[in-house]
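Notes follow once the structure below has been shown.
FYI, side chains are in, hydrogens and waters are out, and symmetry mates aren't considered; it's all heavy atoms of this structure. In this text the structure is predicted, and so the values were computed from the model without any measurement. All chains are named by letter (A, B, ...) in the order of the sequence lines, taking the proteins before the strands, and each is independently numbered beginning at 1.
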Amino acid sequence: MRVLNPDFFERPALEVAGELLDKYLFTRVNGRKCGGRVVETEAYMGPEDRASHAACGLTARNSLMYGPAGVSYVYLCYGMHFCFNVVCGEESTPGAVLIRALEPETGVDEMKRRRGGKVLRELASGPAKLTQALGIDMRHNGLKLPAVEIYLAASGIPPRAFLRGPRVGISKSVSLNYRFFIKDCRFVSGHRQRGGALQ
DNA sequence: TTTCCGATTGGCT
DNA sequence: GCCAATCGGAAAC
């Protein structure tokens with residue numbers, strides 16, 4: 001295992017999103033280590049990306065997206081769900097990658113407990129499910145990765161084939177293929193893998 | 001200060 | 001397939 005440092009994220013989010021597939025995401029919350037392989041991500045860019053939080057310029061909420069790469073960006077969605085992103089790209093150039101799903105491997109029992117005893121496949125197959133399973137909330141906003149509570153790492157496993165397609169749950173910039181996911185992986189969000197050209 | 005609405009999920013029809 | 005839950009940021013007034 002090789003821990004990913006900030007320089008890994010000092011590239012456009014669109015590039016990092018594909019690179020993060022098959023990397024490992026770990027958290028240590030309340031002393032309990034959980035994690036697994038990332039199988040689905042989405043890139044969010046600057047003003048040219050209308051679905052991005054940075055679409056309307058700098059605000060108090062999205063300011064982290066304009067900061068240095070490798071910092072966590074966590075926000076509350078629909079008043080009840082948290083989503084976990086990592087800031088990418090050069091400073092003052094807004095960008096981030098949303099981690100949407102992972103394949104649970106470490107701390108499965110704890111993740112099941114946090115998720116109300118769901119089956120393995122339902123533990124982290126969606127951005128809000130993932131944060132719930134890993135114990136991520138607003139306390140983890142603005143962490144410089146790697147941190148004790150959250151870090152990403154690469155392993156020696158050979159990367160799997162992945163697909164690229166439209167993002168999920170947005171109404172703007174729908175035509176952009178900014179979503180990346182492992183081909184034929186049952187741990188990605190949704191019932192089926194929509195869209196996508198093989199990379 | 002008020003209103004609108006979202007990078008979602010899960011339960012019900 | 002449809003819809004409620006729930007709340008903070010951002011824009012409108």
In terms of the angle between their ring planes, are Tyr75(A) and Tyr73(A) parallel, tilted or perpendicular, with boundaries placed at 30° and 60°? tilted

Determine which nucleotide pairs with dC7(C), using a 3.5 Å limit on both distances of a Watson-Crick or G-U wobble pair. dG6(B)

Is any side-chain N or O of Tyr75(A) under 3.5 Å from a base N or O of dA7(B), one able to act as donor and the other as acceptor?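 Check passes, donor-acceptor contact within cut-off.
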
Considering every strand and a 4.0 Å limit on heavy-atom distances, what is the contact class for [X]: base, sugar-phosphate, or nothing?
X         : answer
Ala51(A)  : base
Arg50(A)  : nothing
Ile170(A) : sugar-phosphate

Give a yes/no answer on whether the side chain of Lys172(A) brings an N or O atom under 4.0 Å of OP1 or OP2 in dA7(B).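 Looking at the OP1 and OP2 atoms of dA7(B), neither is under 4.0 Å from any side-chain N or O of Lys172(A).
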
Give a yes/no answer on whether the side chain of Arg179(A) brings an N or O atom under 4.0 Å of OP1 or OP2 in dA7(B).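 So the side chain of Arg179(A) is outside the cut-off, no N or O lying under 4.0 Å from OP1 or OP2 of dA7(B).
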
For dC3(C) versus dC5(B), give the span between their C1' atoms, rounded off to a whole number of Å.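 The same atom, C1', in both gives a distance of 15 Å.
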
For the CD atom on Glu105(A), are there more than 12 heavy atoms of other groups (residues, nucleotides or ligands in this structure) within a distance under 6.0 Å? yes

Flag if over 12 foreign heavy atoms under 6.0 Å of CZ, Arg2(A):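 Count not over threshold, so no.
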
Take atom [atom1] of [X] and atom [atom2] of [N], then tell me their distance rounded to the nearest Å.
X         : N       : atom1 : atom2 : answer
Arg167(A) : dA7(B)  : CZ    : C1'   : 8 Å
Met65(A)  : dA7(B)  : CE    : P     : 11 Å
Leu176(A) : dA7(B)  : CG    : P     : 14 Å
Leu123(A) : dT9(B)  : CG    : C1'   : 15 Å
Met80(A)  : dG10(B) : CE    : P     : 11 Å
Tyr78(A)  : dA7(B)  : OH    : P     : 6 Å
Leu130(A) : dT9(B)  : CG    : C1'   : 14 Å
Lys118(A) : dT9(B)  : NZ    : C1'   : 9 Å

Would you call Arg115(A) and Glu122(A) a salt bridge, taking side-chain N to carboxylate O under 4.0 Å as the test? no

With a 4.0 Å cut-off on N to O distance, would you call Glu103(A) and Arg121(A) a salt bridge? no

Identify whether a stacking contact exists between Tyr44(A) and dA7(B), where the ring centres must be under 5.5 Å apart and the planes under 30° apart. yes

Proximity of Phe84(A) and Phe82(A) rings by center, below 6.0 Å: no

From [options], pick the nucleotide closest to the side chain of [X]?
X         : options                 : result
Ala128(A) : dT9(B), dG10(B), dA7(B) : dT9(B)
Lys129(A) : dA7(B), dG10(B), dG6(B) : dG10(B)
Arg100(A) : dG10(B), dG6(B), dA7(B) : dA7(B)

Just by protein heavy atoms under 4.0 Å, how would nucleotides 8-13 of chain C read 5' to 3' in B, S and -? -SSS--

Side chains of Thr27(A) and Glu149(A): is there a donor and an acceptor less than 3.5 Å apart? no

Closest heavy-atom pair and its distance - Ala17(A), Ala43(A):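 Closest pair (atom of Ala17(A), atom of Ala43(A), distance): CB-CB, 4.0 Å.
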
5'-most by nearest nucleotide on DNA chain B - Ser171(A) or Ser125(A):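 It is Ser171(A) whose nearest nucleotide is closer to the 5' end.
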
